[in-house]
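Here is the structure we will look at, set down as structure tokens.
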Amino acid sequence: MNLPADFITKYQRLLGDEAADFFASFDQPSTSGYRINPSHRNLPGDVTTAESVPYEPWGHFGSVKGRSLMHQSGAVYSQEPSAMFVGATAAPQPGDKVLDLCAAPGGKTTHLASYLQGQGLLVTNEINRKRVKVLAENVERFGIRSAVILNESPDRLSPIFPDFFDKVLVDAPCSGEGMFRKDPDAMQYWSLDYVQECADRQREIMTEAIKMVKPGGQLIYSTCTFAPEEDEQMMAWVLKTFPDFHLAPITKVGGVSDARPDWADGNPELANAARLFPQRMAGEGHFVAKLVRDEGPATSPRGAANLGQRLTSDQQGLWRDFAKQVLGQQPFSDLVTVKDQLFAVPAGLPDLKRLHVFRPGLHLGTFKKNRFEPAYALALASADWDVQRSLAITDDQWRAWVHGETFTLDEAPTKGWYRLTAADQPVGFGKVVGQTVKNFFPKGLRFMVYEDDE
């Protein structure tokens, strides 16, 4: 790999005798990985028995194709193995309030959701309008029930969520040095000046993120760069600027190593952070640190969530009838409408009326004249429910389904809505009329499945 000259000079100086192995790692192939979605049942053996990632309970080495049934149903999520170390370090508990501040495309958000197990609150934010759409698609595909998606800057979030979150994840925008092997295009915009620009932006982000950590809470900081300016030196700055924070030790296995105090101010506490070097482990370059805030008084956020309108009596009846007939239960309590769209809102939110809320919770469906149409997101979020009306379809029928086609059943079941499953995984809602299953797979997500996609 034709690495930038300044990059080579810098890391020859920093790594010394290990520099040769470091540079040689860039000529090795990248390592692929994926995580299993713990809310899904009855996964096939070839998915669950692949070699495990040593620090991640749901992680495996191997590749998953984006148009495969397992990926499209949310049963698995493709993620580079080193990136899994970030969520594994955060490891929120069910019931925690969690913020993923720089969340797109959603890999770490979906990972945090696995730990939350549908309990607590997950606020996932992305400042870029285009990227937040990708984040929403991945949140939906993974079947996350307790997430609110925001499209905001950190400085607008911190006044709304002061001292609020048990865990804040800052997967900071960075110079991307750790991704050179996986994404060589990242070298095109790299320079020593760009590294410093990233560090300046990271300090701005961290200044706001720290305000949202509750006393006794944690801030997990990560980058995919080797640059000390963005890693050890950033943590040294945090420790000096915010004395109520300290670096907690991180368990390091599978070739993960201590961070380098000698690359910053020499504070031995910096060694508690973790470095993931590609010459030492199977994965790309990452840096991860766990900052813990001291116990103390907290500021209470103001107001309660104001995310939509309450349901009319007619809407309540339509939803109640659908839930009883199809789901067999009423799985959500706090329901709101945004225009004609129905959402289930997580509990415990402050007033968000001043923020740009991209998605106020789990999308349940759409109210139309005298009827309710269930959402794709609701089907994927029902993976671990015993749904009252569920219809198993074949792999061939699934291929037709994701392409937007209807299909015919051998026998005519009771008319109405059914959650469709393929290979025991939820894939959407279909409406049965006679022997025909009408297609409600979202038009913007439809695709053709080829042999190479499976």
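Here the side chain of Asp166 pairs a donor or acceptor atom with the backbone of Lys97 at under 3.5 angstrom. Not one N or O on the side chain of Asp334 forms a donor-acceptor pair closer than 3.5 Å with the backbone of Ala347. Under the 3.5 Å distance criterion, the side-chain polar atoms of Gln329 are left unmatched by any main-chain donor or acceptor of Pro331. The main-chain N or O of Glu18 is never found under 3.5 Å from a side-chain atom of Asp21 such that the two would form a donor-acceptor pair. In this structure, the side chain of Arg41 does not engage the main chain of Asp424 through any donor-acceptor pair within 3.5 Å. For the pair Glu269 (side chain) and Leu247 (backbone), a donor-acceptor distance under 3.5 Å is present. At least one donor-acceptor pair under 3.5 Å links the side chain of Asp100 to the backbone N or O of Thr109. Checking side-chain atoms of Asp27 against main-chain N and O of Met1 turns up a donor-acceptor pair under 3.5 Å. Counting only distance, with no hydrogens or angles, the side chain of Arg181 and the backbone of Gly283 share a donor-acceptor pair below 3.5 Å. At distances below 3.5 Å, at least one donor-acceptor pair connects side-chain atoms of Gln233 with backbone N or O atoms of Trp263.
With a 4.5 Å cut-off on side-chain heavy atoms, Pro173 and Ile205 count as touching. The side-chain heavy atoms of Leu291 and Leu239, taken from C-beta on, include a pair separated by under 4.5 Å. Counting only heavy atoms from C-beta outward, the side chains of Val256 and Met281 approach each other to under 4.5 Å. Val326 is listed as a side-chain neighbour of Phe429, based on a closest heavy-atom distance under 4.5 Å. Within the 4.5 Å cutoff, the side chain of Leu157 has no heavy atoms near those of the Lys211 side chain. Under the 4.5 Å side-chain criterion, counting only non-hydrogen atoms from C-beta, Val195 is in contact with Trp190. For the pair Val402 and Gln72, the minimum side-chain heavy-atom distance is 4.5 Å or more. With a 4.5 Å cut-off on side-chain heavy atoms, Cys174 and Cys224 count as touching.
Glu140 and His363 are not linked by any side-chain donor-acceptor pair at a separation below 3.5 angstrom, with hydrogens and angles left out of the test. Between the side chains of Ser153 and Asp155, at least one donor N or O lies within less than 3.5 Å of an accepting N or O. A side-chain donor-acceptor contact under 3.5 Å links Asp163 and Thr299. With hydrogens and angles left out, the side-chain atoms of His40 and Gln425 include a donor and acceptor closer than 3.5 Å. Between the side chains of Arg35 and Thr110, at least one donor N or O lies within less than 3.5 Å of an accepting N or O.
Summarising the geometry, atom OG belonging to Ser39 is positioned 10.5 Å from atom CH2 belonging to Trp385; distances are rounded to the nearest 0.5 Å. Distance CD/Gln218 to CZ/Arg293: 13.5 Å, rounded to 0.5 Å. Here CG of Leu101 is found 13.5 Å from CD1 of Ile220. Values are rounded to the nearest 0.5 Å. Here the CD-OG1 distance, from Gln202 to Thr223, works out to 7.0 Å after rounding to the nearest 0.5 Å. Put simply, NE2 on His71 and OH on Tyr77 are 6.5 Å apart, with the number rounded to the nearest 0.5 Å. The CG atom of Leu311 sits 6.0 Å away from the CG atom of Leu335 when rounded to the nearest 0.5 Å.
For an aromatic pair to be called close, the ring centres must be under 6.0 Å apart, and Tyr11 with Phe23 fails this. A ring-centre distance under 6.0 Å is not found for Phe245 and Tyr221. Aromatic rings of Phe441 and Trp398 (six-membered ring for Trp) have centroids beyond the 6.0 Å cut-off, not under it.
When the side-chain contact (heavy atoms from CB on, under 4.5 Å) test is applied to Glu137, the partners found at least two apart in sequence or on another chain are Leu445.
Closest heavy-atom contact between Glu230 and Cys198: OE1-CB, 3.4 Å. Closest non-hydrogen pair, Asp171 versus Ser222, comes out as OD1-OG, 2.6 Å. Shown here for Ile250 and Ala273, the closest heavy-atom pair between the two residues is CD1-CA, 4.3 Å. The two residues Ala199 and Met234 make their nearest non-hydrogen contact at O-CE, 3.3 Å. What you find for Ala209 and Val170 is that their closest heavy atoms are CB-CG2, 3.6 Å. Across every non-hydrogen atom of Val427 and Tyr376, the tightest pair is O-CE1, 3.3 Å.
Residues Glu204 and Arg201 are not paired through a salt bridge, judged by the lack of any N-O separation under 4.0 Å between the basic side chain and the carboxylate. Using a 4.0 Å cut-off between a side-chain N of Lys or Arg and a carboxylate O of Asp or Glu, Lys182 and Glu284 do not qualify as a salt bridge. Classification of Asp96 and Lys214 as a salt-bridged pair fails, no side-chain N sitting under 4.0 Å from a carboxylate O.
Of the options Lys133, Arg131, Lys108, a salt bridge (Lys or Arg N to Asp or Glu O under 4.0 Å) to Glu126 is made by Arg131 and by none of the others.
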Kindly indicate, with the supporting measurements, whether the criterion side-chain contact (heavy atoms from CB on, under 4.5 Å) is fulfilled by Trp58 and Tyr115.
-> CA-CA 10 Å; Trp58 301 293; Tyr115 281 93; 3.6 Å; yes
So Met206 and Met235, side-chain contact (heavy atoms from CB on, under 4.5 Å) or not? Walk me through it.
-> CA-CA 10 Å; Met206 289 292 284; Met235 291 302 96; 4.2 Å; yes
Given the rule in the side-chain contact (heavy atoms from CB on, under 4.5 Å) test, do Phe226 and Leu15 qualify, once you have shown the distances and angles that lead to the verdict?
-> CA-CA 11 Å; Phe226 305 110; Leu15 288 168; over 6 Å; no
Mind running side-chain contact (heavy atoms from CB on, under 4.5 Å) on Lys167 and Leu112 for me, showing each step along the way?
-> CA-CA 10 Å; Lys167 300 281 178 80; Leu112 296 170; over 6 Å; no
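Using a 30° and 60° split on the angle between ring planes, Phe22 and Phe26 fall in the perpendicular class, above 60°. Taking the six-membered ring for Trp and thresholds of 30 and 60 degrees, Tyr55 and Phe85 have ring planes more than 60 degrees apart, a perpendicular arrangement.
Summarising the local packing, CG of Asn2 is surrounded by 12 or fewer heavy atoms from other residues, nucleotides or ligands at distances under 6.0 Å. More than 12 heavy atoms of other residues, nucleotides or ligands shown are found within 6.0 angstrom of NZ on Lys10.
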Only pairs under 3.5 Å count here: list side-chain donor-acceptor contacts from residues 349-361, not counting sequence neighbours, and write none if there are none.
from, atom 1, to, atom 2, distance (Å)
Asp351, OD1, Lys353, N, 3.0
His356, ND1, Asn151, OD1, 3.1
His356, NE2, Arg129, NH1, 3.0

